[in-house]
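Below: the structure, in structure tokens.
Everything numeric in this text was worked out from a predicted model, so none of it was measured. Heavy-atom basis, side chains included; hydrogens, waters and symmetry copies ignored. Counting begins at 1 with the first residue of the sequence.
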Amino acid sequence: MGESNRRDGEEGWSKEGADWFNSLPWDDAKYLLTRQEGDVRDKEDEKRLGRLLESYEKATGYKWATELEAGEYVFECLECNGDGSVKVIVSERDFVWETCSDCRGEGVQYLDEEEAAERIDAGYTPLRTPST
């Protein structure tokens with residue numbers, strides 16, 4: 001289709017892309033954020049990724065940007081442990097779930113090489129790394 005429509009928080013979403021992404025079940029959304037075309041494990045994985053990318057292209061008219069920018073790494077969000085939401089205690093007996101402010105509800109964070117190196121040195125493994 002047309003140009004790619006990056007979905008990271010710095011560049012933002014198109015309205016169509018945001019509507020499409022927000023309509024996905026959480027497991028599909030998280031799955032999509034942690035995969036790229038060259039990162040499929042088997043035929044079922046390939047079919048699932050293909051189905052999601054095709055759905056995005058039909059909904060928005062854009063091609064999904066599956067490649068990371070040079071030097072960009074993806075890690076599970078440390079604040080919410082990849083859930084996209086955090087428990088906020090309102091009172092001694094009450095709590096609410098709020099969207100994680102660190103990852104904006106995505107469950108993942110995009111880090112540059114410097115930040116990624118710090119996380120890797122601390123023992124964390126990236127979910128995705130830039131292609132070499």
Side-chain angles (χ1 to χ4, degrees):
M1 292 222 155
E3 62 193 81
S4 71
N5 182 26
R6 288 238 357 119
R7 35 142 208 75
D8 71 29
E10 300 303 318
E11 293 180 43
W13 286 85
S14 67
K15 178 177 178 352
E16 298 85 4
D19 290 345
W20 172 83
F21 188 80
N22 291 331
S23 73
L24 292 176
W26 172 241
D27 62 324
D28 277 347
K30 186 172 181 179
Y31 168 85
L32 186 57
L33 291 172
T34 59
R35 295 289 183 276
Q36 56 186 340
E37 287 181 67
D39 184 27
V40 292
R41 297 182 182 112
D42 56 30
K43 288 287 185 193
E44 286 300 312
D45 200 31
E46 186 176 357
K47 285 180 189 176
R48 182 178 186 187
L49 180 60
R51 178 180 54 81
L52 288 168
L53 297 181
E54 183 179 315
S55 168
Y56 175 81
E57 291 176 19
K58 283 181 181 176
T60 67
Y62 291 100
K63 185 169 178 63
W64 182 267
T66 56
E67 293 298 319
L68 294 173
E69 298 291 320
E72 184 177 53
Y73 292 75
V74 180
F75 286 84
E76 184 175 271
C77 179
L78 299 178
E79 181 67 22
C80 66
N81 294 319
D83 290 332
S85 59
V86 292
K87 186 184 213 180
V88 177
I89 298 173
V90 178
S91 67
E92 192 174 307
R93 294 184 181 161
D94 293 326
F95 65 89
V96 294
W97 289 97
E98 291 186 359
T99 300
C100 177
S101 60
D102 285 2
C103 67
R104 295 179 211 88
E106 289 186 14
V108 296
Q109 294 175 303
Y110 296 83
L111 304 178
D112 63 26
E113 288 176 331
E114 187 176 313
E115 292 173 308
E118 291 175 15
R119 286 250 180 118
I120 292 167
D121 287 345
Y124 295 97
T125 303
L127 299 171
R128 289 180 53 196
T129 60
S131 28
T132 52

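Considering SG of Cys80 and CD of Gln109, their distance stands at 7.5 Å, rounded to 0.5 Å. Atoms NZ and CD, on Lys47 and Glu54 in that order, are 13.5 Å from each other to the nearest 0.5 Å. Separating the CZ atom in Phe75 from the CD atom in Glu115 is a distance of 9.5 Å, to the nearest 0.5 Å. Atom-to-atom distance recorded for Thr99:OG1 and Glu106:CD is 11.0 Å, nearest 0.5 angstrom. Summarising the geometry, atom CD1 belonging to Ile120 is positioned 8.0 Å from atom OG1 belonging to Thr125; distances are rounded to the nearest 0.5 Å.
Trp26 and Gly107 make their closest contact through CH2-N, 4.1 Å (heavy atoms, listed as atom of the first residue, atom of the second, distance).
Cluster membership for Val108 and Phe21, using ILVMFWY side-chain heavy atoms within less than 4.5 angstrom, is shared. Tracing side-chain contacts under 4.5 Å through hydrophobic residues (I, L, V, M, F, W, Y), one reaches Leu111 starting from Tyr124; they form part of the same cluster.
The side-chain heavy atoms of Leu52 and Tyr56, taken from C-beta on, include no pair separated by under 4.5 Å.
Arg51 meets the salt bridge (Lys or Arg N to Asp or Glu O under 4.0 Å) test with Asp28; sequence neighbours excluded.
Annotation for Phe95: hydrophobic cluster partners, listed by chain and number, are Trp97 (ILVMFWY side-chain heavy atoms under 4.5 Å, direct or chained).
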